[in-house]
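Position 1 is the first residue of the sequence; numbering continues from there. Hydrogens, waters and symmetry mates play no part in the numbers below; they use all other heavy atoms, side chains included. This structure is a prediction, so every number in the text was calculated from the model and none was measured.
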Amino acid sequence: MTTITLKNEIGLDFIEAIKALVKTKPKDFYTIKEDGIPDLDKAIKEIENGDVVSFESVDEAIKYLDDEN
């Protein structure tokens, strides 16, 4: 078996294309292992869901946090 390690820097579209090609082969010929970084994966999901608040200054962030409590 040959192991190919793909880094995210090459682009998601390229990685997805390779996965699509591999998945046309019998399952006995391949395994796909995706190692995630839990905190990063969580942050990406929050951004995609629009659950992220951004601030333009520290004062703005402090005011937001005070208002939340």
Side-chain angles (χ1 to χ4, degrees):
M1 179 178 282
T2 301
T3 299
I4 300 172
T5 302
L6 303 174
K7 296 186 178 193
N8 289 336
E9 291 86 13
I10 66 173
L12 184 59
D13 55 341
F14 185 72
I15 292 172
E16 293 302 322
I18 291 174
K19 285 182 185 178
L21 288 171
V22 169
K23 286 183 178 181
T24 63
K25 305 299 179 199
K27 183 68 176 148
D28 296 349
F29 292 171
Y30 72 92
T31 59
I32 296 176
K33 179 181 175 188
E34 296 185 34
D35 291 334
I37 301 171
D39 290 340
L40 180 58
D41 292 341
K42 180 180 175 188
I44 290 170
K45 285 179 185 175
E46 288 175 353
I47 290 168
E48 290 174 346
N49 292 334
D51 297 335
V52 176
V53 179
S54 61
F55 307 101
E56 294 190 20
S57 70
V58 173
D59 292 335
E60 188 179 330
I62 291 171
K63 182 179 180 326
Y64 175 82
L65 293 172
D66 286 342
D67 291 345
E68 287 291 306
N69 294 324

Quiz item: Any ring-ring contact (aromatic ring centres under 6.0 Å, His included) pairs touching residues 50-69, not counting sequence neighbours?
Solution: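 For residues 50-69, and leaving out neighbouring residues, the ring-ring contact (aromatic ring centres under 6.0 Å, His included) pairs sorted by first residue read F55-Y64.
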Quick one: side chains of residues 10-23, donor-acceptor pairs under 3.5 Å with protein atoms, not counting sequence neighbours, listed by atom name and distance.
{"from": "K19", "atom 1": "NZ", "to": "E34", "atom 2": "OE1", "distance (Å)": "3.4"}
{"from": "K19", "atom 1": "NZ", "to": "E34", "atom 2": "OE2", "distance (Å)": "2.5"}

Quiz item: In Å and rounded to the nearest 0.5 Å, what is the CG to CD distance from L65 to E60?
Solution: 11.0 Å
Exercise. Indicate yes or no: does K63 engage D67 in a salt bridge with an N to O separation below 4.0 Å.
Key: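 Between D67 and K63 there is a salt bridge, with a charged N closer than 4.0 Å to a carboxylate O.
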